[in-house]
Amino acid sequence: MPRVRFAPSPTGFLHVGGARTALFNWLYARSQGGTFVLRIEDTDQERSTEESYAAILRGMQWLGLDWDEGPQAGGEAGPYLQSERLDIYRGHLATLADGGHVYKCFCSAQDLEDREQAVRDAGGNWEGYDGHCRDLTAEQVAAYEADGKPCAWRLRTPTEGSTFWYDVIVGKREFQNEVLVDRVVFKADGFPTYQFAVVVDDHLMQISHVLRGDDHVSNTPFQILVYNALGWKPPKFGHMPMILGPDKKRLSKRHGATSVEEFRKLGILPAAMLNYLALLGWSPGGSGDEVMDAAAIIKKFSLKKVNSSPAAFDYDKLNHINSEHIKRLSADERLALARPIIAERGWRLDPEWLVAGVADTDSYLARVLGTLGNRFSSLITLPEQIGFFFTDDHFVDQAAWDEHVDTAEAAGLMMALADAIDSGLDLAQAQAAAAFEEVIRTTAEQLDVKAGQLIHPSRVALTGQSRSAGIFEVMELMGARRTVARLRKAADA
RNA sequence: GUCCCCAUCGUCUAGUGGUUAGGACACCGCCCUUUCACGGCGGCAACACGGGUUCGAUCCCCGUUGGGGAUGCCA
């Protein structure tokens, strides 16, 4: 059974790239009956924060990516925070030191910077660490240490031959060892670097497949060298294509939302986000339905179908997938989504409205949502779509108002309709949609106008918008009193 | 600069050594209709370029171009 992991560093929120990486690992584990491990790579003391750590866990949970081992879940291979595994790394560093695979480097950041600048000034190119301390004599090391100079440890990499692996997504990858530099495996602050900790942990946690972003490709040969030095067998590697912005440039804030939590605030359902992310770099194949829930995706998921080319993030398509998911929700699920939205605005049912069969706010909201049908496709526009049912201080589309309501002709028609409803229906009773329809059609005949001429201005007068649910239904749910009052008010204005 | 990777409609993608190159988003048109949405029907739109290999290349190889990544005592 495969064991995979998602290993974010807590230096920021969970962004779409990370979420997609987590998702594919999760999908692979779930589809193969494997284990999904969450590990926090907080070896950068400067940048790791508690806030980011919490945000990442929150993002994972929101998406429904549950982990079998890791923070909160525990597990045999813990601890799962690298900062709690320092002794383990130190032990393996000692092994490497004993074997002569690593050496002490006393170069300071300034030293490195100066030498790089010197190379550039001479018209050359800095190819990475120059091996300055690679062959220090015992005397030189002793001298540096006597001076109290801090040191980092670097891996002694081969200068000939090549390092390669068979990537499960793109096939064979090979790097000439001469281009690999002696990177630091242990920092002067006593913490391992990512390059070292990731190898130790993946091995100790028995990770079988390291599935990560394509930006890690160039790290892989170095890490394989670390595995070799430790005498360990490397896991299988799979590098997934990057997610780019709509303009094919690196995805960044200027493109819009980039963290999963921002999408939550934009009204994206977690199931839709997960669905869309899965479609970025993976495809169910053929011309089947792209709208799927997690279970369906797990069923179809295969690493073989993961693309090798980068994908542009398309907000339009995400929104489409989102509306499809909302459309497939049951009435109860929609109600659960809408409830907090009206609650936070303080909107509730007023018994004076006299709406038939509606006893409380919840049942009223259920009826209101029912009129929306497929028009309910976004959590963000929902308040605009239903606000007029709850308050007189609702959203108004000014352009539609000017065109349909604010004309002498419309005023006359609406006034006549208001009078007809007032005299034809009992305002002290709840009235059904059919009753309103009858009055409107009769009135239209008497005035010798088409029903539409009454309906259009009424719709805008009542809802503030030129688009809404069926107008007779709207009137039923608005109640005859409010219907008449709003029509008159609009006609007078 | 150097190293690595990628390349099918605007976007996400399916696909094959011989196909009318398929689907989805977006866009346009029509139908339905009290509006909008949904739905239905139809349309626009792609194999980056140049060489090979081959009877035949979108597909295989090389190069060019374009894009991305890496080049940290970040991860």
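Since the structure is predicted, the reported quantities are computational estimates derived from the model, not experimental observations. Within every chain, numbering begins at 1; the chains are lettered A, B, ... in the order of the sequence lines, protein sequences first and strands thereafter.
Between A:Ile421 and A:Leu487, some side-chain heavy-atom pair lies under the 4.5 Å cut-off. Residues A:Leu155 and A:Val102 meet the side-chain proximity criterion, which asks for heavy atoms closer than 4.5 Å.
Regarding contacts with the backbone of B:A14, a side-chain N or O of A:Asn307 is found under 4.0 angstrom from either OP1 or OP2. The phosphate of B:A70 (OP1 or OP2) has a side-chain N or O of A:Arg250 nearer than 4.0 angstrom. The side chain of A:Lys305 contributes no N or O atom lying less than 4.0 Å from OP1 or OP2 of B:C12. The shortest distance between the side-chain N/O atoms of A:Lys249 and the OP1/OP2 oxygens of B:G69 is not below 4.0 Å. When the side-chain nitrogen and oxygen atoms of A:Lys187 are compared with OP1 and OP2 of B:A75, one or more of them lie within a distance under 4.0 Å. Taking side-chain N and O atoms only, A:Thr11 has no distance below 4.0 Å to OP1 or OP2 of B:C74.
In this structure, the CD atom of A:Gln82 is 8 Å from the P atom of B:A75, given to the nearest Å. Atoms CD1 (A:Ile440) and P (B:U35) sit 13 Å apart, rounded to a whole Å. Regarding A:Asp189, its CG atom lies at a distance of 12 Å from the P atom of B:C73, rounded to whole Å. Straight-line distance from the CZ atom of A:Phe376 to the C1' atom of B:A37: 14 Å, rounded to whole Å. Going from atom CD of A:Gln385 over to atom P of B:U35 covers 18 Å, rounded to whole Å. If you measure from atom CZ of A:Phe191 to atom P of B:A75, you get 10 Å, rounded to the nearest angstrom. The nearest whole Å value for the distance from the CG atom in A:Leu279 to the P atom in B:A26 is 14 Å. Computed from coordinates, the A:Phe237 CZ to B:A70 P distance equals 18 Å when rounded to whole Å.
Nucleotide B:U34 forms no Watson-Crick or G-U wobble pair with any nucleotide shown, as no partner meets the under 3.5 Å limit on both distances. Pairing for B:A46 is absent, judged as Watson-Crick or G-U wobble with the two contacts each under 3.5 Å. Partner assigned to B:A24 is B:U11, using Watson-Crick or G-U wobble distances below 3.5 angstrom. Base pairing of B:U2 is made with B:A70, judged by Watson-Crick or G-U wobble geometry with both donor-acceptor distances under 3.5 Å.
Taking the ring centroids of A:Phe191 and A:Tyr89, they lie at or beyond the 6.0 Å cut-off.
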- [ ] Would you sort out whether A:Phe222 and A:Tyr129 count as a ring pair (Phe, Tyr, Trp, His ring centres under 6.0 Å), showing the intermediate values?
- [x] CA-CA 14 Å; A:Phe222 182 83; A:Tyr129 183 66; over 10 Å; no
TODO: I would like to know whether A:Phe301 and A:Trp282 meet ring pair (Phe, Tyr, Trp, His ring centres under 6.0 Å); could you show each step before the answer?
DONE: CA-CA 8 Å; A:Phe301 188 78; A:Trp282 171 80; 5.7 Å; yes
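Contact annotation for A:Ala7: no contact, since no heavy-atom pair falls under 4.0 Å across all strands. Residue A:Ala451 is classed as having no contact, given no heavy-atom separation below 4.0 Å to the nucleic acid. If you check every strand for non-hydrogen atoms under 4.0 Å, A:Glu127 touches a base. Within the 4.0 angstrom heavy-atom criterion, no nucleotide atom of any strand lies near A:Ala109. Using a 4.0 Å heavy-atom criterion, one finds that A:Gly281 contacts the sugar-phosphate atoms exclusively. Among the protein residues, A:Ser308 comes within range of the sugar-phosphate backbone only, with heavy atoms under 4.0 Å from sugar or phosphate atoms but none that close to a base. If you check every strand for non-hydrogen atoms under 4.0 Å, A:Gln195 touches a base. When heavy atoms are screened at a 4.0 angstrom cut-off, A:Leu280 is found touching the sugar-phosphate backbone but no base atom. Within the nucleic acid shown, A:His239 has no heavy atom closer than 4.0 Å to any nucleic acid atom.
Each of A:Asp316 and A:Phe186 lies near RNA chain B, and the nucleotide nearest A:Asp316 is the one positioned closer to the 5' end. The residue among A:Ser309 and A:Asp182 whose nearest nucleotide of RNA chain B lies closer to the 5′ end is A:Ser309.
A donor-acceptor contact under 3.5 Å is formed by the side chain of A:Asn219 with the base of B:A75. Judged by distance alone, with hydrogens and angles left aside, A:Lys317 brings no side-chain donor or acceptor close enough to the base of B:A26 to form a pair under 3.5 Å.
Ring-plane geometry between A:His456 and A:His404 is classed as tilted, the angle between the planes lying from 30 to 60 degrees on a 0 to 90 degree scale. Between A:His394 and A:Phe388, the two ring planes are perpendicular [angle over 60°; tilted spans 30° to 60°].
Nucleotides B:C9 and B:C28 place their C1' atoms 15 Å apart, quoted to the nearest Å. Comparing the same atom, P, in B:A70 and in B:G43 gives a spacing of 44 Å after rounding to whole Å. Using atom P as the reference point in both B:G29 and B:C38, the two lie 15 Å apart (nearest Å). As rounded to the nearest Å, B:U13 and B:A26 have C1' atoms that lie 15 Å from one another. Spacing of P atoms, B:G51 relative to B:G56, comes out at 15 Å, to the nearest Å.
Remark: A:Asp42 does not engage A:Arg85 in a salt bridge, criterion side-chain N to carboxylate O under 4.0 Å.
Set against B:C36, B:G10, B:C73, the side chain of A:Arg375 has B:C36 as its closest nucleotide.
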